Amino acid sequence: VSRAEPHGASIIVYRQNGGAVELLILHRAHAADPNGDWAWTPPSGARYPSEEPAACARRELWEETGLRLDIRYIPRAVQSWYLYAAQAAPHDEVVLDAEHDQYAWVSVAVAIRRCQPAQVSESIRTVVDALGL
């Protein structure tokens with residue numbers, strides 16, 4: 001894990017499905033509380049030493065979901081963890097890694113409610129606001 005900031009990246013993946021915006025969230029297979037803090041998250045992970053932040057985001061997205069999507073950096077005040085957005089197509093197939101046991105395409109409101117603590121849900125709000133979703 002990189003000791004230099006940013007330490008990692010989160011990717012808020014969204015899609016348009018029948019006029020509705022849906023966000024991809026992942027459930028950690030070994031969550032202490034299956035519905036508590038850190039149980040549900042957007043794709044994310046730590047950056048390797050000297051790995052470029054965007055390369056980290058693309059790698060984590062691929063490793064955790066099997067998706068190869070164009071990513072867009074979303075600036076914010078927090079510099080310790082970078083934030084990206086990626087748009088998926090309605091037919092894109094998600095293939096989970098061993099770290100996650102389920103995924104869901106959910107509304108913005110549901111993603112914000114499930115993805116806790118607040119620092120995680122705030123990252124979702126930041127992307128939703130930045131993209132006008």
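Fair warning: this is a prediction, and the values are worked out from it, not measured in the lab.
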* Asked: Out of curiosity, does Val106 fall in the hydrophobic cluster containing Val13 (side-chain heavy atoms, cut-off under 4.5 Å, transitive links)?
  ->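 In one cluster with Val13: Val106, no.
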* **Qualifying residues under side-chain hydrogen bond (donor to acceptor under 3.5 Å, both in side chains), relative to Glu51, sequence neighbours excluded** =>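 side-chain hydrogen bond (donor to acceptor under 3.5 Å, both in side chains) list for Glu51, sorted by chain: Arg59.
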Kindly indicate whether the side chain of [X], heavy atoms from C-beta on, has any atom under 4.5 Å from the side chain of [Y].
X	Y	result
Tyr84	Pro53	yes
Cys115	Ile124	yes
His7	Arg47	no
Val94	Leu24	yes
Arg125	Ile112	yes

* Asked: Can you tell me if Gln102 uses its side chain to pair, donor with acceptor, with the backbone of Leu26 under 3.5 Å?
  ->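 Side chain of Gln102 to backbone of Leu26, a donor-acceptor pair under 3.5 Å: no, none is there.
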* Where Asp101 and His27 come nearest, the two heavy atoms and their spacing ->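 Scanning both residues, the minimum pair turns out to be OD1-ND1, 2.8 Å.
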* Determine, for Trp105 and Arg15, whether the Lys NZ or Arg CZ falls below 6.0 Å from the six-membered ring centre while staying within 45 degrees of the axis. =>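 Yes; both conditions hold, so Arg15 lies above the ring face of Trp105.
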* Can a donor-acceptor pair be found between the side chains of Asp37 and Gln116 at a distance below 3.5 Å? ->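 Not at all, the side chains of Asp37 and Gln116 share no donor-acceptor pair under 3.5 Å.
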Enumerate, atom names and distances included, each donor-acceptor pair closer than 3.5 Å involving a side-chain atom of residues 69-79, sequence neighbours excluded.
from	atom 1	to	atom 2	distance (Å)
Arg76	NH2	Trp81	O	2.8
Gln79	NE2	Arg76	O	2.8

